[in-house]
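Report on one structure; see the data block that follows.
To find a chain, count down the sequence lines: A is the first, B the second, and so on, and within it residues start at 1.
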Protein chains: 2
Amino acid sequence: MNESVFKAMSDATRRKIIELLKEGPKTAGEIADHFTHAQPTISRHLTVLKHANLVVDQREGTFIIYRLNTTILQEWLAWLLEHFGGGDSDE
Amino acid sequence: MNESVFKAMSDATRRKIIELLKEGPKTAGEIADHFTHAQPTISRHLTVLKHANLVVDQREGTFIIYRLNTTILQEWLAWLLEHFGGGDSDE
DNA sequence: TTACTTATTAGCCATTTAGCTATATAATGA
DNA sequence: TCATTATATAGCTAAATGGCTAATAAGTAA
């Protein structure tokens, strides 16, 4: 599993962005509106998520629309379950 | 969900320690033997895991035995599934 | 072209992180 | 008590992180 996904998911702001994008695609501005951070700060979080391939972006006029890459998220969850789920030594 | 668990799990060395402890309790030295890092480095990783309550330690003579706190690990996985699992907007 | 809007990139700073070596602590046994 | 073993803590450094403001880019429309 790609280390960058773990790093991306280890920040509370980025996890909240992921949760927002679960509702559906959103522009960078719509995402930023949910936080008190400065807008460039959110932009950088989006870049981190993009490098982890957890989100994809697409320009639409002056807007940039972000959407969740559900595949990566689900692969990450599957990896976690495989490595850390179940299998208690005294199960 | 406690932020410290995410931070603890975001490091590859610590995840490997967790995987080792899934096999059963181990002393700090046994754990350190699985890595090329210096012993104090592993000791510090164990402290991070301890503060996240992912492991517990118990002195046994000169040894200190670490064991997994499976409850926390499973609660973390459950939280992840609840927040990020399923629920694709186009499912 | 100019002005406006949306968003990113650049550059800075403070804090955290992860590694190391050296030192300290705790338990045991001679 | 002294030595040995197992482990943690202290103190340092380099790199990464996350925040900010200021500047830049990209698109639209007058």
If the condition is side-chain hydrogen bond (donor to acceptor under 3.5 Å, both in side chains), which residues does [X] pass it with, not counting sequence neighbours?
X	value
B/Lys50	B/Asp57
A/Asn2	A/Ser4
A/Glu19	none
A/Glu3	B/Arg15

Inset, instruction - Could you give me the CA-CA distance, side-chain angles and deciding distance for A/Met9 and B/Phe84, then say whether side chain to side chain contact (heavy atoms under 4.5 Å, CB included) is met? - result: CA-CA 11 Å; A/Met9 295 300 284; B/Phe84 303 118; 3.7 Å; yes
Inset, instruction - Classify every nucleotide of nucleotides 19-30 of chain C by which part a protein heavy atom approaches to under 4.0 Å, writing B for the base, S for the sugar-phosphate alone and - for neither, in 5'-to-3' order. - result: BBBB---SBS--
Legend entry - Residue closer to the 5' end of DNA chain C, A/Glu30 versus A/Lys7 (nearest nucleotide): A/Glu30
Legend entry - Chi angles and distances behind the side chain to side chain contact (heavy atoms under 4.5 Å, CB included) call for A/Phe6, A/Met1: CA-CA 9 Å; A/Phe6 279 96; A/Met1 175 49 56; 3.5 Å; yes
Legend entry - Rounded interatomic separation in angstrom, taking CZ from A/Phe63 and P from C/dA7: 6 Å
Inset, instruction - Nearest whole angstrom, please: distance from the C1' of C/dA18 to the CG of B/Leu46. - result: 14 Å
Inset, instruction - Under 4.0 Å between any heavy atoms, over every strand shown, what does B/Tyr66 touch: base, sugar-phosphate, or nothing? Just pick one. - result: sugar-phosphate
Inset, instruction - Would you indicate, yes or no, if C/dA7 has its OP1 or OP2 atom less than 4.0 angstrom from a side-chain nitrogen or oxygen of A/Thr27? - result: yes
Legend entry - Outermost DNA chain D nucleotides near chain A [under 4.0 Å, heavy atoms]: D/dG18 to D/dT28
Inset, instruction - Mind checking salt bridge (charged side-chain N to carboxylate O under 4.0 Å, His left out) for B/Glu82 and listing every partner two or more places apart, or none if nothing turns up? - result: none
Legend entry - A/Lys16: partners by salt bridge (charged side-chain N to carboxylate O under 4.0 Å, His left out), with sequence neighbours left out: none
Extract all donor-acceptor atom pairs below 3.5 Å that involve side chains of residues 29-48 of chain A and protein atoms in other chains or at least two apart in sequence.
| from | atom 1 | to | atom 2 | distance (Å) |
| --- | --- | --- | --- | --- |
| A/Glu30 | OE1 | A/Thr27 | N | 2.9 |
| A/His34 | ND1 | A/Glu30 | O | 2.9 |
| A/His45 | ND1 | A/Arg14 | NH1 | 3.1 |
| A/Thr47 | OG1 | A/Ser43 | O | 3.1 |

Inset, instruction - Rounded to the nearest 0.5 Å, what's the gap from CH2 on B/Trp76 to CG on B/Leu81? Could you check? - result: 10.0 Å
Compile the donor-acceptor pairs under 3.5 Å between side chains in residues 58-65 of chain B and protein atoms, sequence neighbours left out, one pair per line.
| from | atom 1 | to | atom 2 | distance (Å) |
| --- | --- | --- | --- | --- |
| B/Gln58 | OE1 | B/Arg67 | NH2 | 3.0 |
| B/Gln58 | NE2 | B/Glu60 | OE1 | 3.3 |
| B/Arg59 | NH1 | B/Gly61 | O | 3.1 |

Legend entry - Heavy-atom donor-acceptor pair, A/Lys7 side chain to A/Ala52 backbone, under 3.5 Å: no
Nucleotide N/O to protein N/O under 3.5 Å, stretch nucleotides 13-16 of chain C:
none

Inset, instruction - List in numerical order all residues of residues 48-56 of chain A for which some heavy atom is under 4.0 Å away from an atom belonging to DNA chain C. - result: none
Inset, instruction - Give the intermediate values and the outcome of side chain to side chain contact (heavy atoms under 4.5 Å, CB included) for residues B/Ile17 and B/Lys26. - result: CA-CA 10 Å; B/Ile17 292 173; B/Lys26 289 186 171 46; over 6 Å; no
